[in-house]
Amino acid sequence: NKIYVSAGPDDLTCDNSYYLVGTPLSETGTGTWSGGGSVVIEDEHASSTLVENLSTGINTFTWSITDNGCTSSDDVIITCNYFKANAGSDQYPATNFTTMNAGYPGAGATGEWKTYSGNGDPVDPIDPLTTMNNLGYGLNEFIWRVTWNGCTYGDTVAIIYNPLEAYAGPGGSVCSDD
């Protein structure tokens, strides 16, 4: 007796986890998911289960079913394009401009600065190290959005422009009788 087994269609994920869906088990069947290296399989004996800690790139999983002395299996390939964007550290400039310090997006990826709150004008919106001009007074937040292989992630950085102005009071003169 041949057992029909499907591990599901090959797929792409932008996250480092994925929900595998294989052929459901019969009342007498047992199943096991395997593969994935350092991946964590939530329930390796359930036909549908969450897998976490996927490696970037290709992850292959095998769904094997044993029923009435027969065993059959099928593979599924999950391509993981998970990554993180890095907008750099928060800054507290004393001027209304600053140099941004985002991480470079990497080969084949693109990045772009977007204003989340406040004000600022990037000299070159696709340069991770661009100068941000015309900062608004107080809190300004910018998102460094990176796109790679169909996945987009963003990271937010706060630029707090709060110039301190010294004030010594009104002008006057000092008189001395000595």
Side-chain angles (χ1 to χ4, degrees), residues 7-21 33 35-42 48-61 75-176:
D10 294 347
D11 204 357
L12 166 90
T13 181
C14 292
D15 201 353
N16 66 348
S17 63
Y18 189 83
Y19 199 76
L20 297 171
V21 179
W33 284 104
S38 65
V39 111
V40 176
I41 300 173
E42 187 175 89
S48 300
T49 188
L50 179 68
V51 291
E52 298 177 296
N53 198 32
L54 294 172
S55 299
T56 299
I58 293 179
N59 296 265
T60 303
F61 298 95
D75 292 341
V76 63
I77 296 172
I78 306 302
T79 303
C80 174
N81 289 339
Y82 177 74
F83 65 94
K84 291 184 179 183
N86 178 3
S89 301
D90 293 348
Q91 297 183 39
Y92 304 87
T95 58
N96 72 341
F97 63 91
T98 191
T99 300
M100 305 304 278
N101 58 2
Y104 280 92
T110 59
E112 184 174 16
W113 287 107
K114 298 283 186 181
T115 301
Y116 180 72
S117 70
N119 294 304
D121 299 316
V123 171
D124 182 356
I126 63 171
D127 181 357
L129 306 178
T130 193
T131 297
M132 190 69 70
N133 290 321
N134 303 315
L135 294 171
Y137 181 80
L139 177 63
N140 303 279
E141 294 177 296
F142 304 98
I143 299 173
W144 178 239
R145 291 185 53 160
V146 176
T147 301
W148 177 69
N149 282 347
C151 299
T152 300
Y153 292 98
D155 187 33
T156 303
V157 64
I159 308 295
I160 300 169
Y161 170 50
N162 191 6
L164 297 176
E165 295 180 18
Y167 179 71
S173 61
V174 176
C175 298
S176 175

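Bear in mind that the values here come from a model prediction, so they are computed numbers and not experimental data. For this chain, numbers begin at 1 and follow the sequence in order.
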- Message: Return the CG to CZ distance between L54 and F61, rounded to the nearest 0.5 Å.
- Response: 5.0 Å
- Query: Does any N or O in the side chain of D124 come within less than 3.5 Å of the main-chain N or O of P122, such that one atom is a donor and the other an acceptor?
  - Reply: no
- Sole candidate of V123, V157, D121, I143 that passes side chain to side chain contact (heavy atoms under 4.5 Å, CB included) when paired with W113: V157
- Message: How long is the straight-line distance from CG of N133 back to CG of N119, given to the nearest 0.5 Å?
- Response: 12.5 Å
- Query: Do N149 side-chain atoms and N81 backbone N/O form a donor-acceptor pair below 3.5 Å?
  - Reply: no
- Query: Are there more than 12 heavy atoms of other residues, nucleotides or ligands under 6.0 Å from atom CD1 of I58?
  - Reply: no
- Query: Are there more than 12 heavy atoms of other residues, nucleotides or ligands under 6.0 Å from atom OH of Y116?
  - Reply: no
- Item | Atom OH of Y82: over 12 foreign heavy atoms under 6.0 Å | yes
- If you measure from CG on L135 to CZ on F97, what distance do you get to the nearest 0.5 Å? 9.0 Å
- Looking only at heavy atoms, the pair that brings C80 and S55 closest together is CB-O, 3.2 Å
- Apply side-chain contact (heavy atoms from CB on, under 4.5 Å) to the pair I159 and F142, showing each step before the final yes or no. CA-CA 8 Å; I159 308 295; F142 304 98; 3.9 Å; yes
- Item | salt bridge (charged side-chain N to carboxylate O under 4.0 Å, His left out) against E141, all qualifying residues, sequence neighbours excluded | none
- Okay, side chain of W144, backbone of G111: is any donor-acceptor separation there less than 3.5 Å? no
- Message: Working to the nearest 0.5 angstrom, can you tell me the gap between E42 CD and T49 OG1?
- Response: 5.0 Å
- side-chain contact (heavy atoms from CB on, under 4.5 Å) between V76 and W33, intermediate numbers included: CA-CA 10 Å; V76 63; W33 284 104; 4.2 Å; yes
- Query: Which pairs count as side-chain hydrogen bond (donor to acceptor under 3.5 Å, both in side chains) when at least one residue sits in residues 83-104, sequence neighbours excluded?
  - Reply: Q91-T98
- Task: Give a yes or no on whether the backbone of G57 and the side-chain of N59 come within a donor-acceptor separation of less than 3.5 Å.
- Result: yes
- Any sub-3.5 Å donor-acceptor pair from N53's side-chain atoms to S38's backbone N or O? yes
- Task: Over all heavy atoms of both residues, which pair between A109 and W148 is shortest? Give the atoms and the distance, please.
- Result: CB-CB, 3.7 Å
- Item | Atom pair CG/CD1 of D10 and I78 - distance to nearest 0.5 Å | 6.5 Å
- Query: Is it true that atom CD1 of I126 has more than 12 heavy atoms of other residues, nucleotides or ligands lying nearer than 6.0 Å?
  - Reply: no
- Message: I need the minimum non-hydrogen distance between D155 and G88, along with the two atoms involved.
- Response: OD2-N, 4.3 Å
- Task: Grab the two heavy atoms, one from P105 and one from V146, that are nearest each other, plus how far apart they are.
- Result: CB-CG1, 3.7 Å
- Message: Distance check, rounded to the nearest 0.5 Å: F83 atom CZ versus T152 atom OG1?
- Response: 6.5 Å
